[in-house]
Protein chains: 2
Amino acid sequence: MPYPESMVRLIEELAKFPGVGSKTAERFAFYILGVSPETVEILSELLLKVNENIRYCHECYNLSEKEVCHICSDPTRDHGLLCVVQDPKDVISIEKAGDYKGIYHVLMGALSPLEGIGPKDIKIKELFERLKKTAIRELILGTSSDTEGDATSVYLLKHLKPLKIRVTRIAHGVPVGSALEFVDKATISRAFRQRQEV
Amino acid sequence: MPYPESMVRLIEELAKFPGVGSKTAERFAFYILGVSPETVEILSELLLKVNENIRYCHECYNLSEKEVCHICSDPTRDHGLLCVVQDPKDVISIEKAGDYKGIYHVLMGALSPLEGIGPKDIKIKELFERLKKTAIRELILGTSSDTEGDATSVYLLKHLKPLKIRVTRIAHGVPVGSALEFVDKATISRAFRQRQEV
């Protein structure tokens with residue numbers, strides 16, 4: 001065994017991180033070896049804290065340290081406007097943009113028949129239960145623009161029709177700041193199909 | 001603040017890992033969020049243990065959980081054969097190959113005038129003190145084959161001459177299993193210059 005035992009075990013644990021192989025895990029372990037005891041203590045505590053305390057919001061399935069997240073419990077937000085997204089990370093991205101003032105519903109995935117992910121595997125039932133309880137004026141479909149995201153949108157749209165809620169889909173097109181020459185064909189096609197009057 | 005506070009702080013800490021940016025740190029934090037409490041406890045303990053317990057061997061500067069590493073304290077190894085390397089990782093690589101049965105001296109770096117690393121900044125003084133105390137039959141220069149590694153070898157060779165110890169350098173040439181077409185020019189030149197009788 002070339003490394004001391006605790007080093008070997010740390011490398012094994014770090015190699016479980018997403019996208020990290022044994023070489024990268026070795027580099028991380030050497031980093032840990034070299035930092036101050038305070039830094040490691042802080043890291044060690046935060047790991048435990050995040051794993052123990054961060055839960056999914058009971059309302060919207062966004063990340064939260066409390067039972068109901070800071071967005072759902074914020075009275076200044078528009079609770080009649082609901083954006084449906086696939087992942088807590090999507091909430092972060094929209095919040096970083098800073099314009100949206102409504103609330104969210106995180107599906108925790110997208111429909112994917114190929115991977116065996118059906119409507120029961122993501123938070124669709126919870127969405128419809130929420131729509132029964134709460135008066136939503138407009139529902140924005142904010143799922144991804146890939147096959148799974150589109151399939152999820154189509155499925156939701158079909159089941160939302162009878163509820164007579166206004167349903168919109170976020171716009172897809174050429175990213176702001178992109179030169180057309182660097183934009184893929186599918187995006188350009190969509191940007192043309194969904195062109196708007198100016 | 002889009003993420004809960006402990007999550008933000010964990011992402012900040014994880015982004016200090018070598019080669020990890022904020023996006024990767026986010027992915028790591030989501031991984032931590034999803035694993036079992038036992039996994040996080042083990043990881044957290046190992047981080048503290050490695051940072052606290054792993055030291056550099058007082059003899060050779062290899063990694064060790066004790067004052068003297070398992071190689072220096074192994075009586076079955078050849079203590080008359082000393083291989084000088086730059087980094088504890090080099091010891092690991094040589095040990096993995098499994099042939100070498102001598103001991104090591106880790107310089108903890110290489111000479112690099114451009115980066116201001118001189119003989120006093122690496123464990124060269126310690127090497128010569130060790131050579132005074134211990135009877136070394138052969139010293140193998142195992143530094144890297146780049147500018148810094150070669151400069152370190154040349155420097156050591158010059159100062160080793162008066163000691164009348166047999167000094168060798170590990171062979172450089174075409175890697176075993178490589179087709180010549182994929183080997184760089186510098187390696188091929190060296191392989192030709194240092195060709196051996198068969």
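Basis for what follows: all heavy atoms, side chains included, without hydrogens, waters or symmetry-related copies. Since we're looking at a predicted model, the values are computed, not measured.
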Engineer: Kindly indicate whether the side chain of A/V40, heavy atoms from C-beta on, has any atom under 4.5 Å from the side chain of B/V50.
Structural biologist: no
Engineer: Can you list the other members of the hydrophobic cluster that holds B/V174, where links are side-chain heavy atoms under 4.5 angstrom apart?
Structural biologist: B/L180, B/V183, B/I188, B/F192
Engineer: With sequence neighbours left out, which residue pairs that include part of residues 110-123 of chain A fulfil the salt bridge (Lys or Arg N to Asp or Glu O under 4.0 Å) condition?
Structural biologist: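 Qualifying pairs: none.
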Engineer: Quick one: which residue pairs count as a salt bridge (Lys or Arg N to Asp or Glu O under 4.0 Å) with a foot in residues 68-83 of chain B, not counting sequence neighbours?
Structural biologist: B/R77-B/E95, B/D78-B/R137
Engineer: Side chain from CB out, backbone as N, CA, C, O: work out which of these in B/E65 comes under 4.5 Å of a heavy atom of chain A, or both, or neither.
Structural biologist: both
Engineer: Within the structure provided, determine whether A/L47 and B/L47 are in side-chain contact (heavy-atom separation under 4.5 Å).
Structural biologist: yes
Engineer: Please state whether the side chain, the backbone, both or neither of A/E41 comes within less than 4.5 Å of a heavy atom of chain B.
Structural biologist: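 It is both, since atoms from each part get that close.
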Engineer: Using heavy-atom distances under 4.5 Å, tell me whether A/K16 contacts chain B through its side chain, its backbone, both, or neither.
Structural biologist: both
Engineer: Is B/I94 close to chain A through its backbone or its side chain, or both, or neither, when contacts mean heavy atoms under 4.5 Å?
Structural biologist: neither
Engineer: Do any of residues 30-39 of chain B come closer than 4.5 Å to chain A, heavy atom to heavy atom, and if so which ones, in number order?
Structural biologist: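 Result: B/F30, B/Y31, B/I32, B/L33, B/V35, B/S36, B/P37, B/T39.
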Engineer: Check whether any side-chain heavy atom of B/V20 sits under 4.5 Å from a side-chain heavy atom of A/F28, and report yes or no.
Structural biologist: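 Yes, side chains in contact.
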Engineer: Counting C-beta onward and ignoring hydrogens, is there a side-chain heavy-atom pair between B/L14 and A/L46 closer than 4.5 Å?
Structural biologist: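 Result no, sub-4.5 Å side-chain heavy-atom pair not found.
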Engineer: Please indicate whether B/E67 has more than 12 foreign heavy atoms, meaning atoms of other residues, nucleotides or ligands, lying under 6.0 Å from its CD.
Structural biologist: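 Counting neighbours around CD of B/E67, 12 or fewer heavy atoms of other residues, nucleotides or ligands fall under 6.0 Å, so no.
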Engineer: Taking the side chain as everything from C-beta on, heavy atoms only, tell me whether B/K23 gets closer than 4.5 Å to A/K89.
Structural biologist: no
Engineer: Looking at A/G19, A/S64, A/P88, A/S44, which makes the most heavy-atom pairs under 4.5 Å with chain B?
Structural biologist: A/S44
Engineer: Any chance you could measure A/K49, atom NZ, to B/E5, atom CD, to the nearest 0.5 Å?
Structural biologist: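 Result: 6.0 Å between the selected atoms.
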Engineer: Would you call B/R9 and A/I42 a side-chain contact if the rule is heavy atoms closer than 4.5 Å?
Structural biologist: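 Heavy-atom side-chain distance check passes, below 4.5 Å.
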